Amino acid sequence: MDSMDMNIFDYMRGNDMEKEAPLAARMRPRTLDEVMGQEHIIGEDKLLYRAIKADKISSVIFYGPPGTGKTTLAKVIAGTTSAEFTQINATVAGKKDMEEVVAKAKEIQGMYGKRTILFIDEIHRFNKAQQDYLLPFVEDGTVILIGATTENPYFEVNGALLSRSIIFELKPIPMEAVRELLKKAVYDAERGMGAYDAVIDEDALDFLADVSGGDARHALNAIELGIMSTGRGEDGKIHITLEVAQECIQKRAARYDKSGDNHYDTISAFIKSMRGSDPDAAVYYLARMLYAGENAAFVARRIMICAAEDVGNADPQALVVATNASLAVERIGMPEAQIILAQAASYVACAPKSNSACEAIFSAMQEVGRTGNLPIPAHLQDAHYKGAAKLGRGTGYKYAHDYPNHYVKQQYLPYELDGKEFYRPSGNGYEARIREHMQRIRREENGARP
């Protein structure tokens with residue numbers, strides 16, 4: 001077989017392999033213009049877009065949820081760069097694999113003057129020693145690193161490696177973009193499944209685009225399964241209905257529109273259940289939101305707000321729990337994040353309640369709006385500069401720790417607001433102790449000599 005015959009054979013075999021590849025792989029964008037939903041990093045005026053177009057890519061780390069295009073961007077770079085492109089997966093690769101990549105990169109650089117781009121998928125799977133091994137070769141330019149991770153790189157990637165890379169965070173693909181991708185997948189005969197003569201209902205499209213949560217691969221897998229497993233109707237076509245879509249993604253269509261009234265009704269019920277000290281209702285509405293694909297970070301933010309607004313100092317630990325839950329959700333992700341959110345929501349729901357801190361800031365803001373910037377008492381003003389004493393700044397200030405019980409009476413509010421109260425501790429939970437302490441201070445004030 002001569003070289004021309006071999007080329008034709010390889011070409012035909014390549015085409016057959018591509019046709020047999022999973023739908024998600026066939027629909028993968030090949031150029032920057034085909035990439036959807038990441039305009040914040042690959043818009044035409046953005047750094048990454050310009051660097052790829054100019055073939056001047058430096059070490060980068062792509063961070064984001066599954067199915068948002070991290071590997072896709074690496075493949076696009078591979079198709080546009082003049083550099084050698086090598087890919088390894090951190091789940092199966094070891095130090096020996098990296099040694100081979102580095103040796104080959106040095107050889108190519110020495111013989112041809114070409115750079116080597118090393119794409120490491122799931123880079124967070126590498127341990128510290130493996131990441132440390134890469135560092136000098138990234139540093140001297142032997143390899144240009146492209147890392148992809150679903151985990152927060154600030155927790156999972158070597159700090160020295162991070163400092164030599166630019167981090168790009170990929171967002172979940174917008175619902176409308178996923179919807180358009182699904183339509184193309186159903187009807188495109190070249191790269192999609194158009195040859196199967198299938199049609200998809202509008203409500204099925206909406207459901208899959210919504211429930212996929214911005215994960216294009218998840219949605220495409222569901223479409224492929226639906227077309228491959230559904231029989232033809234009387235008209236000879238494969239009909240992807242809402243029922244078929246639900247079966248293919250193993251999730252029932254919940255009545256929950258993340259941008260509509262039902263979204264606000266559900267989050268309102270969730271917050272009011274926590275405020276009303278009903279942990280069962282709080283966890284139920286939490287489940288409804290998560291089942292419908294609500295963003296876990298959004299829910300975590302609402303729990304933090306409730307912990308401060310409705311629990312406050314009645315249980316200061318509530319905000320600590322809620323804040324740490326938010327950080328844990330960011331680090332771990334779904335589905336495990338649902339456990340963390342349930343713990344935080346039930347804690348806040350069961351905690352003693354007080355809105356005294358909330359009322360305090362609202363009242364103070366109202367006062368500032370009414371009276372403006374009243375003069376700060378001179379003894380409280382900054383005295384850490386030359387000439388402050390001549391202006392009377394800081395003169396007469398009493399350092400509280402120099403007095404019994406670390407307290408001394410002096411004017412803190414502007415004189416015009418003397419006696420004004422903004423924070424009034426309730427008798428609930430820890431605030432009962434705060435109120436008792438403040439009342440003791442008031443008694444000492446009243447018994448003290450002017």
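Quick caveat: nothing in here was measured; it's all calculated off a predicted structure.
- Judged by distance alone, the side chains of E243 and T241 do bring a donor and an acceptor atom under 3.5 Å apart.
- The environment of I376 atom CD1 is sparse: at most 12 non-hydrogen atoms of other residues, nucleotides or ligands sit within 6.0 angstrom.
- In this structure, a donor-acceptor pair under 3.5 Å is absent between the side chains of D33 and T31.
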Decide yes or no on ring pair (Phe, Tyr, Trp, His ring centres under 6.0 Å) for Y133 and F137, but give the supporting numbers first.
CA-CA 8 Å; Y133 173 78; F137 306 112; 5.3 Å; yes

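- Under the 3.5 Å distance criterion, with hydrogens and angles disregarded, no donor-acceptor pair is assigned to the side chains of E309 and N355.
- The aromatic rings of F62 and F168 lie tilted to each other, with the angle between the two planes from 30° to 60°.
- Using a cutoff of 4.0 Å between basic side-chain nitrogens and carboxylate oxygens, K420 and E367 are scored as salt-bridged.
- Ionic pairing of K171 and E169 is present here: one or more N-O contacts between side-chain nitrogen and carboxylate oxygen are shorter than 4.0 angstrom.
- A salt bridge links K96 to E100: one of the charged nitrogens lies within less than 4.0 Å of a carboxylate oxygen.
- One finds a salt bridge joining D132 and K128 here, because a Lys/Arg side-chain nitrogen approaches an Asp/Glu carboxylate oxygen to under 4.0 Å.
- Going from atom CG of D206 over to atom CG of L182 covers 10.0 Å, rounded to the nearest 0.5 Å.
- With respect to the salt-bridge test (charged N to carboxylate O, under 4.0 angstrom), the residues E421 and R424 qualify.
- The environment of F362 atom CZ is sparse: at most 12 non-hydrogen atoms of other residues, nucleotides or ligands sit within 6.0 angstrom.
- A distance-only check finds a donor-acceptor pair linking the side chain of K353 to the backbone of A351 [under 3.5 Å].
- Rounded to the nearest 0.5 Å, atoms CZ (R30) and OG1 (T80) are 15.0 Å apart.
- A donor-acceptor pair shorter than 3.5 Å cannot be found between the side chains of Y63 and E156.
- Heavy-atom minimum distance, A24 versus N221: CB-OD1, 3.9 Å.
- Residue Y399 qualifies as open at atom OH: its count of foreign heavy atoms under 6.0 Å is 12 or below.
- Atom-to-atom distance recorded for I77:CD1 and I52:CD1 is 4.0 Å, nearest 0.5 angstrom.
- Ionic pairing of D188 and R26 is not present here: no N-O contact between side-chain nitrogen and carboxylate oxygen is shorter than 4.0 angstrom.
- With 3.5 Å as the limit, one finds no donor-acceptor pair spanning the side chains of E122 and T91.
- Ion pair R288/E294 not flagged as a salt bridge, since none of the NZ, NE, NH1 or NH2 atoms sits closer than 4.0 Å to an Asp/Glu carboxylate oxygen.
- For R433, the CZ atom counts as loosely surrounded, since its 6.0 Å shell holds 12 or fewer non-hydrogen atoms of other residues, nucleotides or ligands.
- The structure places NZ of K46 at 12.5 Å from CD of Q38, a figure rounded to the nearest 0.5 Å.
- Of the possible polar contacts, none joining the S212 side chain to the A219 backbone as a donor-acceptor pair under 3.5 Å is found.
- Shown here is Q87, whose CD atom has more than 12 heavy atoms of other residues, nucleotides or ligands within 6.0 Å.
- Between the side chains of D278 and S273, no donor-acceptor pair of N or O atoms lies under 3.5 Å.
- Atoms NE2 and CD, from H124 and Q131 in turn, are 10.5 Å apart once rounded to the nearest 0.5 Å.
- The number of heavy-atom neighbours closer than 6.0 Å to CG of N127, taken from other residues, nucleotides and ligands shown, is above 12.
- Screening K75, K184, R191 for a salt bridge (charged side-chain N to carboxylate O under 4.0 Å, His left out) with E34, the sole residue that qualifies is R191.
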